[in-house]
Amino acid sequence: LERWYEEARKRINDGDTVVFGVIGNKVDKQTRAVSAIEAKEWCSERSIPFSFETSALASTNVVLAFDTILKKAAMSLKQQNRIILQEDPTPTPSSSPSYCSC
């Protein structure tokens, strides 16, 4: 994750609008490569405002995760007057306990 993050940051040009988020998949599995606490700490250390735990198999938070990233990007562009939105795209947290906001 760190290597991917640093590589992405190297490719960002001044004036680019970039929204980072972390999506951990396979939360339906008993064993994890990264705990939710580790993910939150990693995000916090890098000022990444949110992360999600998802399960494609169980359809947990997949749509919410991508919807949130797109809405955050749209809001960032709106704040820079680069797009006009018809409505406020505020993400709605899932009632599922696997949603977290770093």
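Keep in mind that what you see is a predicted model, and the values were worked out from it rather than measured. Side-chain atoms are counted along with the backbone in the values below, which use heavy atoms only and exclude waters and symmetry mates.
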Discussion item. How long is the straight-line distance from CE of Met75 back to OG1 of Thr68, given to the nearest 0.5 Å?
Written reply: 13.0 Å
Practice prompt. Only counting residues at least two apart or in another chain, list the ones meeting salt bridge (Lys or Arg N to Asp or Glu O under 4.0 Å) with Arg46.
Written response: Glu2
Worksheet item: Can you name the salt bridge (Lys or Arg N to Asp or Glu O under 4.0 Å) partners of Glu45, sequence neighbours left out?
Response: none
Worksheet entry | Partner set under ring-ring contact (aromatic ring centres under 6.0 Å, His included) for Tyr5, not counting sequence neighbours | Phe20, Trp42
Fill in: Test item: Thr54 side-chain N/O and Gly24 main-chain N/O as donor-acceptor pair under 3.5 Å
yes
Worksheet item: Can Lys10 and Glu6 be said to form a salt bridge (Lys or Arg N to Asp or Glu O under 4.0 Å), step by step?
Response: CA-CA 6 Å; Lys10 287 180 195 173; Glu6 289 303 322; over 6 Å; no
Item to complete: Please name all residues satisfying side chain to side chain contact (heavy atoms under 4.5 Å, CB included) with Val63, sequence neighbours left out, ordered by chain then number.
Response: none
Item to complete: Taking all non-hydrogen atoms of both residues into account, name the closest pair between Asn25 and Ser55 and its distance.
Response: OD1-CA, 3.5 Å
Discussion item. Would you say that Asn61 contacts Val27 through its side chain, given a criterion of any heavy-atom pair below 4.5 Å between the two side chains?
Written reply: no
Response to the item:
All heavy atoms of Glu38 vs all of Ala33, minimum pair found to be OE1-O, 4.3 Å
Worksheet item: Should Ile48 and Ile37 be regarded as members of a common hydrophobic cluster, given that ILVMFWY residues are connected when their side-chain heavy atoms come within less than 4.5 Å of each other, either directly or indirectly?
Response: no
Practice prompt. Please test Ile23 against Ile69 for side chain to side chain contact (heavy atoms under 4.5 Å, CB included), starting from the C-alpha separation and ending with a verdict.
Written response: CA-CA 10 Å; Ile23 300 173; Ile69 290 171; 3.7 Å; yes
Practice prompt. Quickly, which of Lys26, Lys40, Arg32 forms a salt bridge (Lys or Arg N to Asp or Glu O under 4.0 Å) with Glu53? Name it, please.
Written response: Arg32
Worksheet item: In chain order, what residues pass the salt bridge (Lys or Arg N to Asp or Glu O under 4.0 Å) check against Arg3, with sequence neighbours excluded?
Response: none
Worksheet item: Just wondering, more than 12 heavy atoms not from Arg9 lying within 6.0 Å of its CZ?
Response: no
Discussion item. Let me check something: do Leu57 and Phe66 share a hydrophobic cluster, defined by ILVMFWY side-chain heavy atoms less than 4.5 Å apart, either directly or through other members?
Written reply: no
Practice prompt. Mind checking side chain to side chain contact (heavy atoms under 4.5 Å, CB included) for Ser59 and listing every partner two or more places apart, or none if nothing turns up?
Written response: none
